[in-house]
Amino acid sequence: MLTRLRLAYTVLLIIGLGLPILGDAVVVHDSSRVTLQVARRLNVTGAANILEIDKARARALKERAKARTGKISRATIIDVPVANQAVDYVATVGVGSPPTQFSLLIDTGSSNTWVGAGTPFTRTSSTQDTGSLVEVTYGSGFVIGVDCSAGQQVLDTVTLAPDLVIENQSIGVAIEDEGFDGVDGIIGIGPVDLTCGTLFPDVDACIPTVTDNAFSQGLISAHQIGIAFAPTQSLDTTNGELSFGGIDESKFTGPLNFVPITSASPANQFVGIDQSITFGSAGTTVLAATSGITDTGTTLILLASDAFATYQNLTGGVPDDATGLLRLTPDQFDNLESLFFHIGNATYEFKPNAQIWPRALNSAIGGQADSVYLIVNDLGSLSGEGLDFIDGMTFLERFYYVFDIANSRVGLATTEFTDATTN
């Protein structure tokens with residue numbers, strides 16, 4: 001990867017770069033926050049590989065964290081095409097003056113923002129080059145591109161909403177990427193430290209995220225993001241919102257409980273928390289208290305292999321060859337009990353219906369229309385590694401979710417969809 005990056009950098013220095021762009025987000029604005037509507041997108045061509053892709057992303061997140069601490073070389077980081085991403089959420093983001101809109105994946109597991117995988121970026125009056133490159137490796141693919149704002153340089157304008165126009169934002173413009181079919185790039189809203197080491201040749205630099213710059217420029221009053229999603233039975237639907245600078249109290253029903261970002265490595269490099277999980281009225285331990293992450297870029301709930309084996313035994317689920325997910329008989333589903341996520345001083349009930357894939361979408365993942373598939377699966381490593389679970393989108397869709405950057409904490413609350421039986 002590094003050889004490819006140096007080659008791209010050399011080409012850039014020799015020939016320079018002319019760069020290409022995308023229309024208007026639906027926005028809610030009040031004095032405390034600016035809210036973007038986001039759409040759930042199910043990639044039918046890759047959905048059958050939902051477990052494979054989630055596990056590959058999990059491996060890559062762990063490897064990336066090790067690389068940042070010097071425990072492995074960058075060359076060992078895993079590349080898996082993101083084209084097979086089964087479920088993702090996208091928002092419309094403008095870049096340039098005047099802005100052209102890009103459809104960008106929302107990702108709390110990364111923090112760089114880049115465009116150009118689909119719609120080409122075109123230079124406008126606000127675009128200035130630095131001569132730097134940006135390289136980001138995901139579990140789900142990679143991108144190499146020109147960085148439009150290295151360090152403190154002011155190089156482009158990002159429009160998240162009419163009242164949220166960020167100046168001087170770093171934007172990576174893809175000159176090489178792999179696997180990002182159907183989207184134009186990523187808006188990274190994770191911790192800023194995930195950007196450190198992504199610039200070349202200034203490998204020691206970190207890049208302020210869109211949320212960092214929105215707050216530092218006085219565009220939002222709080223350095224936080226509120227995220228609300230909802231379960232859906234449609235392949236493509238606008239069923240969520242991303243609120244910059246505040247929370248939307250209309251989106252949750254119970255108390256909003258906060259816990260600090262975990263101190264355990266490597267989960268502390270992401271939007272990581274500590275939790276334990278029990279099953280049923282007997283309170284059987286599935287996952288003992290440990291650390292892991294919340295992640296909008298992962299579809300399923302992934303548990304350490306020993307915890308998953310316990311869950312499989314308790315549910316009686318059997319692996320389905322077509323989908324990779326656990327499959328239940330109708331009788332097993334009728335007897336399925338709730339999972340309980342113990343996070344801080346709060347307990348969140350995850351009812352049986354929440355534990356299954358939406359049956360209306362079974363065919364989209366290669367399953368049988370009348371089958372019941374569980375959305376809890378195997379992380380692929382034993383507990384005790386410091387990242388022992390990923391609470392992905394099938395978990396987050398049931399709760400209101402806040403990443404409070406200023407106070408290094410995560411908030412969760414129940415919503416009208418927590419107990420929904422739509423699946």
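Counting from 1, the numbers follow the sequence of the chain as shown.
Ring centroids of F395 and Y348 are separated by 6.0 Å or more, keeping the two rings apart.
Using modelled atom types, no side-chain atom of R327 and backbone atom of Y373 make a donor-acceptor pair closer than 3.5 Å.
T113 is not listed as a side-chain neighbour of V158, based on a closest heavy-atom distance of 4.5 Å or more. Inter-residue side-chain proximity for S111 and V192 is flagged as unmet; no heavy-atom pair is nearer than 4.5 Å. I227 places a side-chain heavy atom less than 4.5 Å from the side chain of T108. Considering only heavy atoms from C-beta on, L326 comes within 4.5 Å of F308 through its side chain. Taking the side chain as every heavy atom from C-beta outward, K251 and S243 never approach each other to under 4.5 Å. Residues I356 and L374 form a side-chain contact, since some pair of their non-hydrogen atoms from C-beta on lies under 4.5 Å apart. Residues L302 and L51 have side chains in contact (heavy-atom distance under 4.5 Å, counting atoms from C-beta outward). The closest side-chain heavy-atom distance from I301 to F350 is below 4.5 Å.
For the side chain to side chain contact (heavy atoms under 4.5 Å, CB included) with P191, the qualifying choice from T195, L194, I189 is L194, the only one to do so. The side chain to side chain contact (heavy atoms under 4.5 Å, CB included) test with I273 singles out one residue from N268, T294, T262, and that residue is T294.
Other residues, nucleotides and ligands place more than 12 heavy atoms under 6.0 Å from the CD atom of Q217.
Here T418 pairs with F399, T414, T415 under the side-chain contact (heavy atoms from CB on, under 4.5 Å) rule; sequence neighbours left out. By the ring-ring contact (aromatic ring centres under 6.0 Å, His included) test, F340 pairs with no residue at all, sequence neighbours left out.
Pairs passing the salt bridge (charged side-chain N to carboxylate O under 4.0 Å, His left out) check and including a residue from residues 257-267, sequence neighbours excluded, do not occur.
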